[in-house]
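Before any comments, here is the structure.
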There are 2 protein chains.
Amino acid sequence: MKGAVPRLVAELPTLPPEEMRDGTAGRILATGLLLFARNGYHGTSIRDIGEELGLKPANLYDHFRSKEHLLAELVRIGHAEHLRAMQAAVVRADGPIAQLQALVRAHVRIHAEYAMLATVATSEMHALSPELVAPALALRRQAEALLREVVARGVAAGVFDPPHAWVATAAIGGMGIRVSFWFPGDQGLTIDQVADLHAELALRMMTPRPGAR
Amino acid sequence: MKGAVPRLVAELPTLPPEEMRDGTAGRILATGLLLFARNGYHGTSIRDIGEELGLKPANLYDHFRSKEHLLAELVRIGHAEHLRAMQAAVVRADGPIAQLQALVRAHVRIHAEYAMLATVATSEMHALSPELVAPALALRRQAEALLREVVARGVAAGVFDPPHAWVATAAIGGMGIRVSFWFPGDQGLTIDQVADLHAELALRMMTPRPGAR
DNA sequence: GTCTATATGTTGATAGAC
DNA sequence: GTCTATCAACATATAGAC
């Protein structure tokens, strides 16, 4: 038996419109996302995916070269969408404070709006072989660099004063990643509210407490 | 192929001394931990575990009732050790500030020192059936309650002013959970340093920025 | 405690008809 | 595009000898 405690709260396999495909390929993509998010890559068989769609296992191979290629495509889409949102965020903002706010909002928004995609992209990428994971990995490094650079600029400008820039950046990334598991939760929070709250928390991390040694 | 990008940086399947077992059972426990942490529960076969130990698959069933029971034991141990550390932390500290510091330190310490155990406990618990996950789930709820109560007490006392108590608590939990994936990292940080840094970040989350609306 | 041997089901993937 | 049929490998688990 599997799935006693759900891995994530989200129930819909939302995909970015610009990455969605027509017809059966698109339905396989969405169903693979749903099942990989719930049960993991190794916990999902191509038969599971087929049954969910009323298809036979063999049909999958008319649209994707292998089960691993299906996962690779989802992982790539997730990282591409994440980087796209992060890049758009920095461009639109001026100065370290506004840029950090924008980056954290974008980071959290992606993890809330595309909770399943984000879960699969980060939690299942380790199931991929070196060749198939490479594109996503390159995108991931760029997104991380974006966040590190904004923090570094803020520190250099004397606007940010984190106790440790690298750890603070990891913490900001980590709390955002976690959102994809609990959102929407039972607090009645919208995506924008969660994004704004995390942006505020991130800014506080950059600001010394009065009276702290 | 699997494991192109490692799921976590830690390489040793450390178990709490008081939960360790003698002889073959203990070696199976440690090896199960190692492989479940690296490749996931569904990505690991009992043959993989046997081969790593120079044993035949059948031997596992002399020590554990099933593969799932082996995972359940690891998940239970992880959550038990986590709660134990959290409880010891609150007891030793006085007042919301010291208690939050102590809790976050304990939370992060567990995720750094027992990185594989923490990874398996949180990332693989969803593979367990309702009966087998129940004990760990109960422990998890207690640990979460501990953190929420300390934050609530700090807010009630006027010492903490988070933008949103529930989200801030989730964020503190999330950044700690992430530590088990990247620690020890390449920054040359000790467990104590990472723990202290996260405690400081958590306290900052509770403290309004000067001039913020 | 560990072994051999095996039962029984499921896996990812392919070939070829319609 | 979808189907049936099938393969070879692998899965978890058990029985019983040493």
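For clarity, every value in this text was computed on a predicted model and none was experimentally measured. Order of the sequence lines fixes the chain letters, A, B, ..., with proteins taken first and strands second; residue numbering starts at 1 for each chain.
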Report the distance from atom [atom1] of [X] to atom [atom2] of [N], rounded to the nearest whole Å.
{"X": "A/Phe64", "N": "C/dG12", "atom1": "CZ", "atom2": "P", "result": "15 Å"}
{"X": "B/His63", "N": "C/dT2", "atom1": "NE2", "atom2": "C1'", "result": "8 Å"}
{"X": "B/Asn59", "N": "D/dC18", "atom1": "CG", "atom2": "P", "result": "17 Å"}
{"X": "B/Tyr61", "N": "D/dG16", "atom1": "OH", "atom2": "C1'", "result": "17 Å"}
{"X": "A/Ile46", "N": "D/dA9", "atom1": "CD1", "atom2": "C1'", "result": "14 Å"}
{"X": "A/Leu71", "N": "C/dG12", "atom1": "CG", "atom2": "C1'", "result": "14 Å"}
{"X": "B/Lys56", "N": "C/dT2", "atom1": "NZ", "atom2": "P", "result": "13 Å"}
{"X": "A/Ile28", "N": "D/dT2", "atom1": "CD1", "atom2": "C1'", "result": "11 Å"}

Acceptor/donor pairs from residues 172-190 of chain B side chains to any protein atom, 3.5 angstrom cut, sequence neighbours excluded:
{"residue": "B/Ser180", "atom": "OG", "partner": "B/Ile177", "partner atom": "O", "Å": "2.8"}
{"residue": "B/Thr190", "atom": "OG1", "partner": "B/Gln193", "partner atom": "N", "Å": "3.1"}
{"residue": "B/Thr190", "atom": "OG1", "partner": "B/Gln193", "partner atom": "OE1", "Å": "3.4"}

Show the atom names and distances, to 0.1 Å, of all donor-acceptor pairs under 3.5 Å that link a side chain in residues 135-143 of chain B to residues at least two apart or in another chain.
{"residue": "B/Arg140", "atom": "NH1", "partner": "B/His79", "partner atom": "NE2", "Å": "2.7"}

Look at [X] and [N] and indicate whether a side-chain polar atom (N or O) is within less than 4.0 Å of OP1 or OP2.
{"X": "B/Thr24", "N": "C/dT2", "result": "yes"}
{"X": "B/Ser45", "N": "D/dA11", "result": "yes"}
{"X": "A/His42", "N": "D/dA11", "result": "no"}

Q: Could you say whether B/Pro57 or B/Ala25 is positioned toward the 5' end of DNA chain C, judged by the nucleotide with the nearest heavy atom to each?
A: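 Going by which nucleotide is closer to the 5' end, it is B/Ala25.
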Q. Given Watson-Crick or G-U pairs with both distances under 3.5 Å, what dot-bracket string fits DNA chain D, with | for other-strand pairs and [ ] for crossing?
A. ||||||||||.|||||||
Q | Minimum-distance nucleotide (side-chain atoms of B/Ala58 versus D/dA13, D/dT2, C/dA5) | A |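 The closest nucleotide is C/dA5.
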Just distance, no hydrogens or angles: give the donor-acceptor pairs under 3.5 Å from side chains in residues 4-24 of chain A, sequence neighbours left out.
{"residue": "A/Arg7", "atom": "NH1", "partner": "A/Phe36", "partner atom": "O", "Å": "3.1"}
{"residue": "A/Arg7", "atom": "NH1", "partner": "A/Ala37", "partner atom": "O", "Å": "3.0"}
{"residue": "A/Arg7", "atom": "NH1", "partner": "A/Glu124", "partner atom": "OE2", "Å": "3.1"}
{"residue": "A/Arg7", "atom": "NH2", "partner": "A/Glu124", "partner atom": "OE2", "Å": "2.5"}
{"residue": "A/Glu18", "atom": "OE2", "partner": "A/Arg84", "partner atom": "NH1", "Å": "2.2"}
{"residue": "A/Glu19", "atom": "OE1", "partner": "A/Arg76", "partner atom": "NH2", "Å": "3.2"}
{"residue": "A/Glu19", "atom": "OE2", "partner": "A/Arg84", "partner atom": "NH2", "Å": "3.2"}
{"residue": "A/Arg21", "atom": "NH2", "partner": "A/Glu73", "partner atom": "OE2", "Å": "3.1"}

Q. Between B/Arg105 and B/Asp192, is the closest basic N to carboxylate O distance under 4.0 Å?
A.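 Judged by the 4.0 Å cut-off on N to carboxylate O distance, B/Asp192 and B/Arg105 do not form a salt bridge.
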Q: Test salt bridge (charged side-chain N to carboxylate O under 4.0 Å, His left out) on B/Glu51 and B/Arg47 and set out the steps.
A: CA-CA 6 Å; B/Glu51 277 173 25; B/Arg47 280 179 164 75; over 6 Å; no
(Q) Applying ring-ring contact (aromatic ring centres under 6.0 Å, His included), can you list everything that pairs with A/His198, at least two apart in sequence or on another chain? (A)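 For A/His198 there are no ring-ring contact (aromatic ring centres under 6.0 Å, His included) partners, ignoring immediate neighbours.
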Q. Under the side chain to side chain contact (heavy atoms under 4.5 Å, CB included) test, which residues partner B/Arg92, sequence neighbours left out?
A.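 B/Ala88.
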Q: Tell me what B/Leu60 touches on the nucleic acid: a base, only sugar-phosphate, or nothing, going by heavy atoms under 4.0 Å.
A: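 If one applies the 4.0 Å heavy-atom cut-off, B/Leu60 turns out to touch nothing in the nucleic acid.
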Q. Nearest nucleotide by nearest heavy atom, which residue falls closer to the 5' end of DNA chain D, A/Arg47 or A/Gly54?
A.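 The 5'-side residue here is A/Gly54.
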